[in-house]
Peer 1: 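Following this message is one structure expressed as structure tokens.
Just so you know, these numbers use all the heavy atoms, side chains as well, and skip hydrogens, waters and symmetry mates. Computed from a predicted structure; not experimentally measured. The first residue in the sequence is number 1, and the count goes up from there.
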Amino acid sequence: MKKTHFLSASALLALALQGTQANAAALADIYQQALANDPQLKSAEATYLAGAEAAPQARAGLLPNIGLTANTTWTESDTAEFNNNGYTVSLSQPLFDANAWFSFKRGEAQSEQARLTFEQAQQNLILRVVEAYLNVLRAQNTLETTQAQERAIKRRLDQVNAQFEVGLIAITDVQEAQASYDNARVARIEAEGDLENSYEALERLTGQEVGQADLLKEDYPVQTPTPETPDKWLDKAWRGNLSLRVADAAVEAARRSAQAARSGHLPTLSLAASYDYDNGTATSDDINDTNSIGLTFSLPLYSGGATVSASRQTEQQMIATQQDREDTLRAVTQSTRSLLRDLRTDVLSVQARKQSIKSSETALKATEEGFNVGTRNVVDVLNAEQQLYSAQRDYANARFDYVFNLFSFKQQVGSLSPEDLNALDQWLESPQQ
């Protein structure tokens with residue numbers, strides 16, 4: 001069985017409570033808080049613990065069944081009065097019961113399916129934490145960019161106002177600058193709201209207020225996974241993807257259900273033993289003990305067609321589960337290829353957008369020089385500034401896209417674990433004060 005990176009259900013939340021702190025902004029601390037407080041994970045754990053009971057319940061059909069019955073009766077008539085009491089201990093042990101055996105194997109598959117589904121929920125929590133954290137960083141970066149843009153346009157507005165007052169430029173330049181400044185203020189206000197919303201989403205996971213998030217270091221490595229061809233990654237995904245492994249367990253459970261239904265035509269053989277104790281009769285107070293042991297053979301001959309119908313039903317359910325598994329396989333294959341392609345695109349995009357910032361800075365500088373000597377107008381300068389700030393936002397978002405796609409890719413191939421999140425946390429740093 002594939003070794004899992006995740007903790008058992010009993011140890012998971014206990015470890016999550018270690019090292020957590022109020023208002024933590026480090027990604028690792030936020031993840032620990034989410035482990036302890038996320039309702040979706042708590043629900044998944046309870047569902048797993050409930051599903052894990054399928055195996056012991058099914059195993060019970062193969063184990064001895066022991067029962068105790070007791071009675072006491074007072075009898076009064078014209079000729080006698082007496083009390084009769086006794087008890088019976090009985091044991092039944094299946095010796096051959098195909099239905100019980102296949103039901104047991106189905107219970108094992110269902111318990112394994114529950115375990116894998118809980119592992120999947122833990123992986124999903126990692127991805128949800130990373131996504132929510134990156135959304136905070138996106139919103140934070142957007143706010144900083146809009147603030148810087150607003151300040152720059154305000155300086156430009158003050159400059160053109162001064163030039164207009166001495167008659168160096170036309171009123172239209174002032175109006176253009178004023179419109180750009182008003183738009184920048186609106187963008188900044190919207191960015192403030194988006195940042196608050198992103199923190200709300202993060203706090204939904206942790207159940208408590210989160211402080212200012214740490215920033216992604218500039219030297220965070222943006223690299224294409226190796227090998228770049230999909231063959232190796234597809235093989236890894238087909239073996240390790242948790243959605244696919246859950247589907248495999250569902251197919252196994254359905255196959256065992258079909259076997260159990262077909263075995264309804266087969267005979268059963270069981271061992272039966274009992275001990276009867278009876279004390280007191282109308283004529284004697286003697287104690288009567290009776291021991292018995294024997295075999296019970298049962299062969300179903302006709303059940304009104306119920307057995308045949310149940311067999312057809314479970315066969316079709318198995319086919320449906322197999323088709324669901326095939327669809328999951330195709331989805332995993334497509335997502336693995338797409339995410340690998342997205343990562344290659346992200347790497348190139350980050351490189352190109354970083355160069356775009358340099359080009360936009362050069363273009364802005366040239367436009368400002370042209371404005372100062374009268375060969376460019378204020379609209380040209382404002383457009384150049386807009387292009388620069390857009391390039392800065394796009395570069396930051398491209399880096400965040402890469403990080404999220406990398407974590408999604410790891411989930412697709414089945415390797416995503418808390419260690420990946422802790423490794424990312426090492427590339428985060430506190431904001432400069």
Peer 1: For T206 and Q208, which I'm curious about, is there any donor-acceptor pair between the side chains at under 3.5 Å?
Peer 2: no
Peer 1: Please determine, by modelled atom types, if N405 and D342 share a side-chain donor-acceptor pair under 3.5 angstrom.
Peer 2: no
Peer 1: Tell me, do L329 and R325 make a side-chain contact under 4.5 Å, heavy atoms counted?
Peer 2: yes
Peer 1: Determine whether more than 12 heavy atoms belonging to other residues, nucleotides or ligands lie under 6.0 Å from atom CD of Q178.
Peer 2: yes
Peer 1: Less than 4.5 Å apart, any side-chain heavy atom of Y199 and any of Q212?
Peer 2: yes
Peer 1: Can you sort out the partners of D38 under side-chain hydrogen bond (donor to acceptor under 3.5 Å, both in side chains), two or more places apart, ordered by chain and number?
Peer 2: R128
Peer 1: So does E176 pair up with R156, basic N to acidic O under 4.0 Å?
Peer 2: no
Peer 1: Is a side-chain donor or acceptor of T375 paired with a backbone partner of G370 at a separation under 3.5 angstrom?
Peer 2: yes
Peer 1: Can you establish whether the number of heavy atoms outside F297 located under 6.0 Å from its atom CZ is more than 12?
Peer 2: yes
Peer 1: One pair to check against salt bridge (Lys or Arg N to Asp or Glu O under 4.0 Å): E119 and R115. What are the steps and the verdict?
Peer 2: CA-CA 6 Å; E119 280 195 24; R115 185 188 68 81; 2.5 Å; yes
Peer 1: When you compare the side chains of Q259 and R256, does any donor N or O come within less than 3.5 Å of an acceptor on the partner?
Peer 2: yes
Peer 1: Are side-chain N/O atoms of N124 and Q411 paired as donor and acceptor at under 3.5 Å?
Peer 2: yes
Peer 1: Is the shortest side-chain N to carboxylate O distance from D401 to R138 below 4.0 Å?
Peer 2: yes
Peer 1: Minimum heavy-atom separation for L364 to A384, with atom names?
Peer 2: CD1-CB, 3.7 Å
Peer 1: Should the heavy atoms of other residues, nucleotides or ligands under 6.0 Å from CZ of R393 be counted, would the total exceed 12?
Peer 2: yes
Peer 1: As a quick check of understanding, evaluate salt bridge (Lys or Arg N to Asp or Glu O under 4.0 Å) for K154 and E150, giving each step before the final call.
Peer 2: CA-CA 6 Å; K154 181 62 169 64; E150 182 183 9; over 6 Å; no
Peer 1: Please check if the side chain of N141 supplies one atom and the backbone of L137 the other of a donor-acceptor pair under 3.5 Å.
Peer 2: no
Peer 1: Under a 4.0 Å N-O cut-off, is there an ion pair linking E315 with R312?
Peer 2: no
Peer 1: E385 and side-chain contact (heavy atoms from CB on, under 4.5 Å): which single residue from L388, L382, N383 fits?
Peer 2: L382
Peer 1: Roughly how far, to the nearest 0.5 Å, is CG of L340 from CD of E228?
Peer 2: 8.0 Å
Peer 1: If you count every heavy atom of other residues, nucleotides or ligands that lies below 6.0 Å from K365 atom NZ, does the total exceed 12?
Peer 2: no
Peer 1: Yes or no on salt bridge (Lys or Arg N to Asp or Glu O under 4.0 Å) for K358 and E361, after CA distance, side-chain angles and deciding distance?
Peer 2: CA-CA 5 Å; K358 297 179 180 179; E361 289 173 340; over 6 Å; no
Peer 1: Parallel, tilted or perpendicular: which describes the rings of Y402 and Y220, with under 30° parallel and over 60° perpendicular?
Peer 2: perpendicular
Peer 1: Main chain of A36, side chain of K42: is a donor-acceptor contact present, judged purely on distance under 3.5 Å?
Peer 2: yes
Peer 1: Give a yes or no answer on whether the side chain of S335 reaches the backbone of V332 with a donor-acceptor pair at less than 3.5 Å.
Peer 2: no
Peer 1: Once you round to the nearest 0.5 Å, how far does OG of S415 lie from CH2 of W233?
Peer 2: 7.0 Å
